[in-house]
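Heads up: the structure comes next, in structure tokens.
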Amino acid sequence: MLGSVKKDGDRGTWLFVVDLPPAADGKRRQKKCRGFPTKKAAEAALSELVGRAQRGPVAEPGRQTLAAYLEGWLKGLRVSRTGSTAGNYRWVLEAYVLPRIGGLRLAALQPNHLRTLYSDLLESGSLGRGKDHAGRGGPLSARTVSLVHRILHRALEDAVSDGLLPRNPAAAVKRPATPKSAAGKVWSADEARRFLAAVAGGRMAALWRLELSTGLRRAEAAGLRWADVDLDAGALSVRVQRTTEGYAVVEREPKTGAGRRLVPLDADVIASLRTWRKRQVEERLAYGPAYEDTGLVFTREDGAGYHPQRLSVMFRHLCDKAGLEAIRFHDLRHTAATLALEAGIHPKVVQERLGHASVQITLDTYSHVQPTIARDAAERIGSYLRGDQ
């Protein structure tokens, strides 16, 4: 395979040209790859392509579009990943990528196409569905655009491995900077008490008390079944997550061993769940044969499970009713963890209750609580040395 590197006209970038095997009629065929910022980068990509060609035949993408390639890639992804992961990848690509650049030929995709895509998403958001995952229109966050980049990088890296591309265009593009992983906005203990007082007696009061005590993920609460709750022993087992692929509801096991866990319950949560179970039985009797026996703990009046996003909508309305600044449903989890650490619960215990893979994740996520813990530890040590009772 012969090739050469040269400047790409007035574009300010470099390209390389390689000779392909002759066509059936004997005509000469060439392939151009554009968009390299420097001559050295173009030479490196050409050298890589030639090296791979020497090790074996290199497939040609022809006129295959990016959309066509990604469709096949997603189908293959379902074999190696969970259905929800593949489904969420599809949602992201269809909402944010395919409407803008899906019609480009895979072989013609350049880093500048991706830079422009990311810039457009940060400025104006989705073209395909008009709204982002949360149902809000407008610009996307850097975190969401970073997710788009990670998915594209992986898909295009597979295209390189399959010999469809000489290099990964996404490798030359920096993903948008995102803030370090940290807990979201959390309520103080006083705000949490005010919220619980406001929802006391409400139909889903048990759910909110459970959330602020245990920090279950939304998918874990939505998928919780009575078969996994032992009120006499005062514990529940996390075995199923009720989550979404796009908007469709799917149920699956937790992704990690840490996610499958036993969570002890306090007396107030147990009492609240007993009250809720009694009410649920009354609703079942009222509905009669029309009642849907899902076995779920938190259900609508007819027994059907809640769509996870519906729980978030309910929560926002209750925040307004309580006169509190609305936080995300997931921030109930952050609030529960923060309050537990501030109450002096050992980080290892908090880690196990949350289902984090390691205590380091807990400490890194809730590093903002560490000064409080350190001050409390100092006071306890001083009190112990003084012999205070």
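Taking CZ from R154 and OH from Y89, the interatomic distance works out to 5.0 Å, rounded to the nearest 0.5 Å. Atoms OG1 and NE2, from T335 and H330 in turn, are 10.5 Å apart once rounded to the nearest 0.5 Å. The CG atom of L165 sits 4.0 Å away from atom CG of L106, with the distance rounded to the nearest 0.5 Å. Atom OG1 in T13 sits 4.5 Å away from atom CG in D8 (nearest 0.5 Å). L156 CG to D162 CG: the interatomic distance, rounded to the nearest 0.5 Å, is 11.5 Å. Between the OG1 atom of T243 and the CZ atom of R252 there is a distance of 5.5 Å, given to the nearest 0.5 Å.
The side-chain heavy atoms of Y306 and V313, taken from C-beta on, include no pair separated by under 4.5 Å. Residues L114 and I101 have side chains in contact (heavy-atom distance under 4.5 Å, counting atoms from C-beta outward). Counting heavy atoms from C-beta on, the side chains of P347 and L341 come closer than 4.5 Å. Annotation: side chain of R316 is not in contact with side chain of C319 (no heavy-atom distance under 4.5 Å). Between Y96 and T144, some side-chain heavy-atom pair lies under the 4.5 Å cut-off. Looking at L236 and D230, their side chains never come closer than 4.5 Å, going by heavy atoms from C-beta outward. Looking at heavy atoms from C-beta onward, V229 lies out of side-chain contact with R225 at the 4.5 angstrom threshold. Two residues are said to be in side-chain contact when any heavy atoms from C-beta on lie closer than 4.5 Å; H307 and R242 fail this criterion.
A distance-only check finds no donor-acceptor pair linking the side chain of N168 to the backbone of V160 [under 3.5 Å]. Without hydrogens or angle criteria, S237 side chain to L262 main chain gives no donor-acceptor distance under 3.5 Å. Put simply, the side chain of S367 never gets that close to the backbone of L363: no donor and acceptor are under 3.5 Å apart. With hydrogens and angles disregarded, a donor-acceptor distance shorter than 3.5 Å links the side chain of E191 to the backbone of S188. In this structure, the side chain of S146 does not engage the main chain of R175 through any donor-acceptor pair within 3.5 Å. In this structure a side-chain-to-backbone donor-acceptor pair under 3.5 Å is missing from S383 to E379.
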* Asked: Please walk me through it: do E352 and K348 pass side-chain contact (heavy atoms from CB on, under 4.5 Å)?
  -> CA-CA 6 Å; E352 293 174 349; K348 182 64 178 176; 3.5 Å; yes
Q | Audit row: E251, Q241, side-chain contact (heavy atoms from CB on, under 4.5 Å) steps and yes/no | A | CA-CA 6 Å; E251 293 187 353; Q241 293 185 341; over 6 Å; no
- With salt bridge (Lys or Arg N to Asp or Glu O under 4.0 Å) as the test, would you mind laying out the steps for E292 and R300 before giving the verdict? CA-CA 10 Å; E292 184 178 350; R300 302 190 314 229; 5.5 Å; no
### Message
Could you go through R274 and D232, starting from their C-alpha distance and side-chain angles, then the distance that decides it, and tell me whether this counts as salt bridge (Lys or Arg N to Asp or Glu O under 4.0 Å)?
### Response
CA-CA 10 Å; R274 290 189 187 279; D232 293 330; 3.2 Å; yes
Run H334 and Y366 through side-chain contact (heavy atoms from CB on, under 4.5 Å) and show every step you take. CA-CA 8 Å; H334 292 317; Y366 301 99; 2.8 Å; yes
Exercise for review: Tell me, with the steps shown, if R167 and E157 meet salt bridge (Lys or Arg N to Asp or Glu O under 4.0 Å).
Suggested key: CA-CA 8 Å; R167 63 189 178 88; E157 193 64 31; over 6 Å; no
M314 vs Q309, side-chain contact (heavy atoms from CB on, under 4.5 Å): CA-CA, chis, key distance, verdict = CA-CA 9 Å; M314 290 169 55; Q309 291 186 16; over 6 Å; no
ask   = Are R239 and D228 close enough, and set up right, to give a salt bridge (Lys or Arg N to Asp or Glu O under 4.0 Å), and what steps lead you there?
value = CA-CA 8 Å; R239 303 181 190 275; D228 295 325; 2.9 Å; yes
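Residues L212 and I345 do not share a hydrophobic cluster, defined by chaining ILVMFWY side chains whose heavy atoms lie under 4.5 Å apart. Put simply, L332 and L354 are part of two different groups of oily side chains (I, L, V, M, F, W, Y) that touch within less than 4.5 Å, one to the next. The cluster map of Ile, Leu, Val, Met, Phe, Trp and Tyr, joined by side-chain heavy atoms under 4.5 Å apart, puts L224 and V250 in different clusters. Both I327 and M204 are members of a single hydrophobic cluster when ILVMFWY side chains are connected at heavy-atom separations under 4.5 Å. Residue L93 is grouped with residue L164 when hydrophobic side chains (ILVMFWY) are merged at heavy-atom distances under 4.5 angstrom, including chains of intermediate members.
W226 and L273 get closest at one heavy-atom pair: CH2-O, 3.7 Å. Between Q280 and L296, the shortest heavy-atom contact is NE2-O, 3.4 Å. V240 and P254 get closest at one heavy-atom pair: N-CD, 4.2 Å. Heavy-atom minimum distance, L70 versus A155: CD2-CB, 3.6 Å. For the pair A192 and L339, the tightest heavy-atom approach, listed with the atom from each and the gap, is CB-CD1, 4.1 Å. Contact detail for R115 and V173: the closest heavy-atom pair is CG-CG1, 3.8 Å.
Under the side-chain contact (heavy atoms from CB on, under 4.5 Å) criterion, A357 pairs with I361, not counting sequence neighbours. Listed by chain and number, the residues in a side-chain contact (heavy atoms from CB on, under 4.5 Å) with A67 are T65, L98 (sequence neighbours excluded).
E43 and W14 are not linked by any side-chain donor-acceptor pair at a separation below 3.5 angstrom, with hydrogens and angles left out of the test. Between the side chains of S312 and R218, at least one donor N or O lies within less than 3.5 Å of an accepting N or O. Between the side chains of S272 and T275, not a single donor N or O lies within less than 3.5 Å of an accepting N or O.
Note: F195 and W208 have perpendicular aromatic rings, judged against thresholds of 30 and 60 degrees for the angle between ring planes. Ring geometry for W276 against F298 counts as parallel: the plane angle stays under 30°, on a 0 to 90° scale with 60° as the upper cut.
Applying the side chain to side chain donor-acceptor pair (under 3.5 Å) test to every pair with at least one member in residues 258-270, sequence neighbours left out, gives these pairs: S213-D266, E220-R261.
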